[in-house]
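Structure, as structure tokens:
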Amino acid sequence: MNILIIEDEADIRRTLQELLEINGHSVIAAATGPEGVSLAARRPDLILCDVGLPGLDGFGVITAVQQIPECAAIPFIFLTARAEREAQRQAMALGADDYITKPFTERDILDAIAARVRRQKPLRERIEQLMAERKREASANWSHELLTPLNGVLGGLELLELEGGQVSPGELKELLTLIRGGAERQEKLSRKLIHHYELEQVINAPNRPSSFRCDPVACVNAGATQTATEHHRTADVTVRCEPGLLPLPNRYLTKAVEELVGNALRFSSPGQPVVVTGQRIDQIYRIAISDTGCGMTADQRDHVGPFAQFERKGREQQGLGLGLAIVRNTALIAGGSFTLQDQPHGPGLIASLELPLVPTT
Ligand code: CA
């Protein structure tokens, strides 16, 4: 652990530092309150602070440290020469986690630190996890993802304005096509985002309904046909599904299949087949979407998040990462799993949803 010691008496400071370093901790030390507060900004794992400091005393230090948002959760232990109950009460009232009365033994210090660490660990892990999540979201391509379809709309309108409406019928038609295309992509993306957040809400709801039921044959056919039609690839897509009953709303499964078939079509060229199968395997229903397109790298597969995008150059792939997050969450709601794997022979991918069958009695 990284421990900050704030202690004005050089002997005690040195003794503490040696004791902690011998026990495997790294130490930063301050001789005054203000120095201690500024070192606290380095976010040590724990602060050991003397109460009786000249100038800014220990109570002033803890008050200042707690006003730094990133430091407010750092465990704070007071060292006090005053055995008086009053000082101890004040220390705890100010939010100290513990206090050690001087003179202290080696054991006192190590025990107090160990107790803090035990209690702090779950909270710390949670905070770190939250920070990592926020970082992922922030680094994702929100702006690109959300704004690209609008470029067509705004660009088209701008051209129209520049020309003062004086464009030939042919040019007008071209501009309107550009604007409509952008608006339609934006609408699609917005609907996808709304669906994504709906799934997140279902996942995070305290009482997730378990009464969802759907017919995979209908949903898989609907999702695959709809998407193949949109991509003008109906001849390339074949669907073979066995009957079953799955614990999902119709809409969720249909949308997940749309995403997967859409990806398979985007990653393959016209004429390359996309095969969609639904099979019962014991208590599991496996929906597999198999293509022979350019596939994804292992690294891309590992970074499936709502706003991740792959191989942006050249191809239009807005919402791809979002689509896979939707599929993954759909599997999660059903209590199943989603995997992407390479074709065993040759190029292409197999996307599989393995979902638990609802027993039909
Ligand atoms: Ca002192």
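All heavy atoms count here, side chains included; hydrogens, waters and symmetry mates do not.
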Shared hydrophobic cluster, Val27 / Ile100 (ILVMFWY, side-chain heavy atoms < 4.5 Å) = yes
Between CG on residue Leu189 and CD1 on residue Ile194, distance to nearest 0.5 Å | 10.0 Å
Look at Arg116 together with Asp45 and state whether they make a salt bridge at an N to O cut-off of under 4.0 Å.
-> no
Quick check: are there more than 12 heavy atoms from other residues, nucleotides or ligands sitting under 6.0 Å from CD of Glu158?
-> no
Close side-chain approach of Ile62 and Ile47, heavy atoms under 4.5 Å = no
Lys/Arg-Asp/Glu bridge criterion (N-O < 4.0 Å) met for Arg191, Glu187 | yes
Once you round to the nearest 0.5 Å, how far does CG of Leu193 lie from CG of Leu322?
-> 5.0 Å
List the atom of Arg233, the atom of Ser269, and the distance in Å for their closest heavy-atom pair.
-> NH2-O, 3.1 Å
Smallest heavy-atom separation, Ala29 atom then Gln17 atom, equals CB-OE1, 3.9 Å
Mind checking whether Ile287 and Leu260 have side chains closer than 4.5 Å, heavy atoms only?
-> no
Neighbour count above 12 (heavy atom, 6.0 Å) for Arg240 CZ = no
Do Pro44 and Ile3 come close enough that some side-chain heavy atom pair is under 4.5 Å?
-> no
Considering all heavy atoms of both residues, which atom of Pro356 and which atom of Pro247 are nearest to each other, and what is their separation?
-> O-CD, 3.1 Å
Do the side chain of Arg13 and the main chain of Glu7 share a donor and acceptor less than 3.5 angstrom apart?
-> yes
Does any non-hydrogen side-chain atom of Thr330 lie less than 4.5 Å from one of Phe338?
-> no
Between Val51 and Val65, is there a shared hydrophobic cluster once you connect ILVMFWY residues whose side-chain heavy atoms come closer than 4.5 Å?
-> yes
What's the spacing between Ile74 CD1 and Leu46 CG if we round to 0.5 Å?
-> 9.0 Å
Tightest non-hydrogen contact, residues Tyr285 and Pro243, listed as CE1-O, 3.9 Å
Return the minimal non-hydrogen interatomic distance between Pro216 and Leu246, and the atom names on each side.
-> CB-CD1, 3.7 Å
Rounded distance (nearest 0.5 Å) linking atom CG of Leu19 with atom CD of Glu106 | 4.5 Å
Search all heavy atoms of Ala222 against all heavy atoms of Thr254 and return the closest pair with its distance.
-> CB-CG2, 4.2 Å
Donor-acceptor contact below 3.5 Å, side chain Asp236 vs main chain Gly271 = yes
Please test Val202 against Tyr252 for side-chain contact (heavy atoms from CB on, under 4.5 Å), starting from the C-alpha separation and ending with a verdict.
-> CA-CA 11 Å; Val202 172; Tyr252 289 7; 3.5 Å; yes
Check whether any side-chain N or O of Asp50 sits under 3.5 Å from a backbone N or O of Ile6 as a donor-acceptor pair, and report yes or no.
-> no
When rounded to the nearest 0.5 angstrom, what distance separates CG in Asp98 from CG in Leu48?
-> 10.0 Å
Between Thr292 and Pro273, is any pair of side-chain heavy atoms under 4.5 Å apart?
-> yes
Donor-acceptor pair, side chain of Gln343 and main chain of Asp291, under 3.5 angstrom | yes
Could you walk me through whether Asn263 and Ile289 pass the side-chain contact (heavy atoms from CB on, under 4.5 Å) check?
-> CA-CA 10 Å; Asn263 282 348; Ile289 289 94; over 6 Å; no
With a 4.5 Å limit on heavy-atom distance, are the side chains of Leu265 and Val237 in contact?
-> yes
Flag yes if Ile284 and Leu353 sit in one hydrophobic cluster, no otherwise; membership is Ile, Leu, Val, Met, Phe, Trp, Tyr, and two members link when side-chain heavy atoms are under 4.5 Å apart.
-> no
Between Asp11 and Arg14, is a side-chain contact (heavy atoms from CB on, under 4.5 Å) present by the stated rule, with each step listed?
-> CA-CA 5 Å; Asp11 284 349; Arg14 208 171 311 123; 3.8 Å; yes
Decide whether Val358 and Val257 are clustered together by the hydrophobic rule: side chain heavy atoms of Ile, Leu, Val, Met, Phe, Trp, Tyr closer than 4.5 Å, transitively.
-> no
Verify side-chain contact (heavy atoms from CB on, under 4.5 Å) between Phe104 and Thr15, making sure each step is shown before the conclusion.
-> CA-CA 11 Å; Phe104 44 77; Thr15 311; over 6 Å; no
Given the rule that I, L, V, M, F, W and Y join up when any side-chain heavy atoms are under 4.5 Å apart, are Val275 and Val239 in one cluster?
-> no
Look only at the side chain of Asp108 and the backbone of Thr105, and say whether a donor-acceptor pair between them is shorter than 3.5 Å.
-> yes
Side-chain contact, heavy-atom cut-off 4.5 Å: Ile113 with Asn23?
-> no
The single option from His195, His196, Lys192, Gln226 that satisfies side chain to side chain contact (heavy atoms under 4.5 Å, CB included) with Lys255 is His195
Atom pair CE (Met92) and CG (Asp97), whose distance is rounded to the nearest 0.5 Å = 7.0 Å
